Number of protein chains: 2
Amino acid sequence: MKRIGLLGCGAIGTQIALAIDSGKIPATLTHVYDTKRSQADNLVSKLKLKPEVVANSHLLSSNPVDLVVEAASQDAVRKDAVSILQNKKDLMIMSAGALLDQSVFEVISDACKDFGKTVYLPSGAIAGLDVLKAVKDELESVVLVTTKNPASLKDAPFFDSSDIDPEKISEPTVLFDGKAKEAVSLFPKNINVAALLSLVGLGSENTSVRVVADPNTNKNTHHIEANGKFGKLTITVENVPDPTNPKTSRLATLSAIELLRQICTKEVQIGT
Amino acid sequence: MKRIGLLGCGAIGTQIALAIDSGKIPATLTHVYDTKRSQADNLVSKLKLKPEVVANSHLLSSNPVDLVVEAASQDAVRKDAVSILQNKKDLMIMSAGALLDQSVFEVISDACKDFGKTVYLPSGAIAGLDVLKAVKDELESVVLVTTKNPASLKDAPFFDSSDIDPEKISEPTVLFDGKAKEAVSLFPKNINVAALLSLVGLGSENTSVRVVADPNTNKNTHHIEANGKFGKLTITVENVPDPTNPKTSRLATLSAIELLRQICTKEVQIGT
């Protein structure tokens, strides 16, 4: 059974830990770390099988774990990913946005090859990465339209330099229409989906992103259109927010749990 | 570098072999087999690095290969899958329809666990298996609508017991509206997509399938709607037929090549 180290004990980390503890993911959670010690202790208190709380992130991968799950932050990816791979551990990354920085992506990608390890990124709150990966070489366009309630977007830096007051949006309003690369800094908390699409497809300079604030919705909706020699792909995912963490879609957590389950299982694995 | 054995040297097997030979898939094709020896010889003649043509399918997995790719037929899956796993080789299956037979699925699934090996099924001509896998436990409905030109459907057993003459269809016509389980015998050559959806989701007795013949299209279009506690997923994939094998979608071949590439690579792997 694979031994898992968990980096980040917030809402998503907790749900992953509970999925391991319940046996849904056939693995053992052996070590956990959070920059807030109390958050790690709080997580451990909820588990039947108690993992060790380590004193720093380096101790996660210097211990005999097989895979580290990052559920912390883009900063944690920048700071810890390479040393985890150097320590010959596989790594699952939740904060996919960190990889939009080309230099970060390259150093992590090189570390995978150099140390023979794999970095896994779950599909998050979208569908269709299976197709985009397969047709990457012949994609012509990828457009993402993300629609959320203004309340889910109001903390975004976008509003610092905009005349739009998120509290006063009364009808569906296009906040941003540009490339994924620009969207990163304006909507950093909402960028994981755009990051995943950019990484599998045309890159952040050639992936179009539109962000719509719609006061009439309580869903996080991602609509994707992709064209190429293979044909045409159109996807709409209407996501219910995660009850334990409304900023995240429930699907993003479920997707991470499923990917980890697959990694830990010898079985019939369906999907590219 | 992983060593690959190829079972089936038809159109899809040939494209996979060429992708290995060109270096797109970082692996070595060491052994090939086809029930028609001439087909295997023909494939080998197209390759720079010549694999050995073996005399029967058993010799594929008794030789020191790491993974066998089945690109032959549902019969080949029924006949050879378990012995490949028993020989401690991983297996990639193209003829996913074979696994709709519950007894076949179970014996293969058990063999994966017993022998510690993995069976991989590419996403084929559809998208969104990543989501369906993740929300499997809370799916409420999955509906597939497949639309093809009547010429792509005309060999189906469906027409043996139908008054509809595929040559005379002059407008979009619903040929079948039922469950995936019934669709298998009526449209066996078109069943891979319905099989994949059934396997990841609600099973073949609870997955709805509609087959539409549309004389105005030259695409193979799959439209999927899925609902559950996570939210709602809507996907449309309009597939260009594969130029080397018009009965297959180009995406199905590309998807298989991408999955095999991932299996053979240590890298950043994106998607659940």
Side-chain angles (χ1 to χ4, degrees), chain A residues 24 93 96 99 105 108-109 112-113 115-138 196 199-200 219-221 229-240 249-251 253-259 262 265-272, chain B residues 24 93 96 99 105 108-109 112-113 115-124 126-138 196 199-200 219-221 229-240 249-251 253-259 261-262 265-272:
Chain A
K24 187 173 166 68
I93 291 179
L99 302 186
F105 181 84
I108 290 177
S109 177
C112 286
K113 286 169 203 144
F115 303 104
K117 304 314 290 180
T118 303
V119 167
Y120 299 94
L121 278 75
S123 291
I126 46 168
L129 296 179
D130 42 5
V131 167
L132 295 178
K133 279 187 287 189
V135 303
K136 186 184 179 97
D137 292 344
E138 54 184 55
L196 289 164
L199 288 166
V200 291
K219 305 272 197 338
N220 301 332
T221 299
K229 203 168 139 194
F230 73 99
K232 183 178 173 188
L233 171 68
T234 315
I235 293 177
T236 306
V237 192
E238 291 171 46
N239 284 288
V240 173
S249 297
R250 181 170 166 72
L251 176 58
T253 309
L254 294 175
S255 184
I257 290 171
E258 168 61 16
L259 178 56
Q262 288 180 89
T265 317
K266 294 288 179 191
E267 54 154 27
V268 179
Q269 298 202 349
I270 305 173
T272 296
Chain B
K24 186 173 168 67
I93 290 179
L99 301 185
F105 182 84
I108 289 177
S109 178
C112 286
K113 288 168 202 145
F115 303 104
K117 304 313 291 180
T118 302
V119 166
Y120 300 94
L121 277 74
S123 292
I126 47 169
L129 297 179
D130 41 6
V131 167
L132 295 178
K133 278 187 289 190
V135 303
K136 184 184 179 95
D137 292 344
E138 54 183 56
L196 290 164
L199 289 166
V200 290
K219 304 272 197 341
N220 301 331
T221 298
K229 202 168 140 194
F230 73 99
K232 184 178 172 189
L233 172 67
T234 315
I235 293 176
T236 306
V237 192
E238 291 170 45
N239 284 288
V240 173
S249 297
R250 181 170 166 73
L251 176 57
T253 309
L254 293 176
S255 185
I257 290 171
E258 169 60 16
L259 178 56
R261 194 192 65 74
Q262 287 180 93
T265 316
K266 294 288 179 191
E267 56 153 25
V268 180
Q269 297 202 350
I270 306 173
T272 296

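Below, chains carry the letters A, B, ... as their sequence lines are ordered, and counting in each starts from 1. Since the model is a prediction, treat every value here as computed from it, not as a measurement.
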- If you count heavy-atom pairs under 4.5 Å with chain A, which of B:S109, B:G271, B:G231 comes out on top? B:G271

- Query: So which part of A:F115 gets closer than 4.5 Å to some heavy atom of chain B, the side chain, the backbone, both or neither?
  - Reply: neither

- Checking A:K232 against chain B: side chain, backbone, both or neither under 4.5 Å from a heavy atom? both

- Message: Within the structure provided, determine whether A:K219 and A:N239 are in side-chain contact (heavy-atom separation under 4.5 Å).
- Response: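 Result no, sub-4.5 Å side-chain heavy-atom pair not found.
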
- Steps toward side-chain contact (heavy atoms from CB on, under 4.5 Å) verdict (A:R250, A:L254): CA-CA 6 Å; A:R250 181 170 166 72; A:L254 294 175; 4.1 Å; yes

Compile the donor-acceptor pairs under 3.5 Å between side chains in residues 122-136 of chain A and protein atoms, sequence neighbours left out, one pair per line.
| from | atom 1 | to | atom 2 | distance (Å) |
| --- | --- | --- | --- | --- |
| A:S123 | OG | B:D130 | OD2 | 3.2 |
| A:S123 | OG | B:T272 | N | 2.8 |
| A:D130 | OD1 | B:G128 | N | 3.4 |
| A:D130 | OD2 | B:S123 | OG | 3.2 |
| A:D130 | OD2 | B:G128 | N | 3.2 |
| A:D130 | OD2 | B:L129 | N | 3.4 |
| A:K133 | NZ | A:T272 | O | 3.1 |
| A:K133 | NZ | B:Q262 | OE1 | 3.1 |
| A:K133 | NZ | B:I270 | O | 2.7 |
| A:K136 | NZ | A:L199 | O | 3.2 |

- Message: Is B:D137 close to chain A through its backbone or its side chain, or both, or neither, when contacts mean heavy atoms under 4.5 Å?
- Response: side chain

- Item | Toward chain A, the part of B:L233 with a non-hydrogen atom under 4.5 Å |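 Contact with chain A is through both the backbone and side chain of B:L233.
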
- Quick one: which of A:T236, A:T221, A:T253 has the most heavy-atom pairs under 4.5 Å with chain B, could you say? A:T236

- Most contact-rich option vs chain B, by heavy-atom pairs under 4.5 angstrom, among A:V237, A:L259, A:V268, is A:V268

- Query: Got a donor-acceptor contact below 3.5 angstrom from the B:T265 side chain to the B:R261 backbone?
  - Reply: yes

- Message: Restricting to side-chain hydrogen bond (donor to acceptor under 3.5 Å, both in side chains), what partner residues turn up for A:T234, sequence neighbours left out?
- Response: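 With neighbours one apart ignored, the set is empty.
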
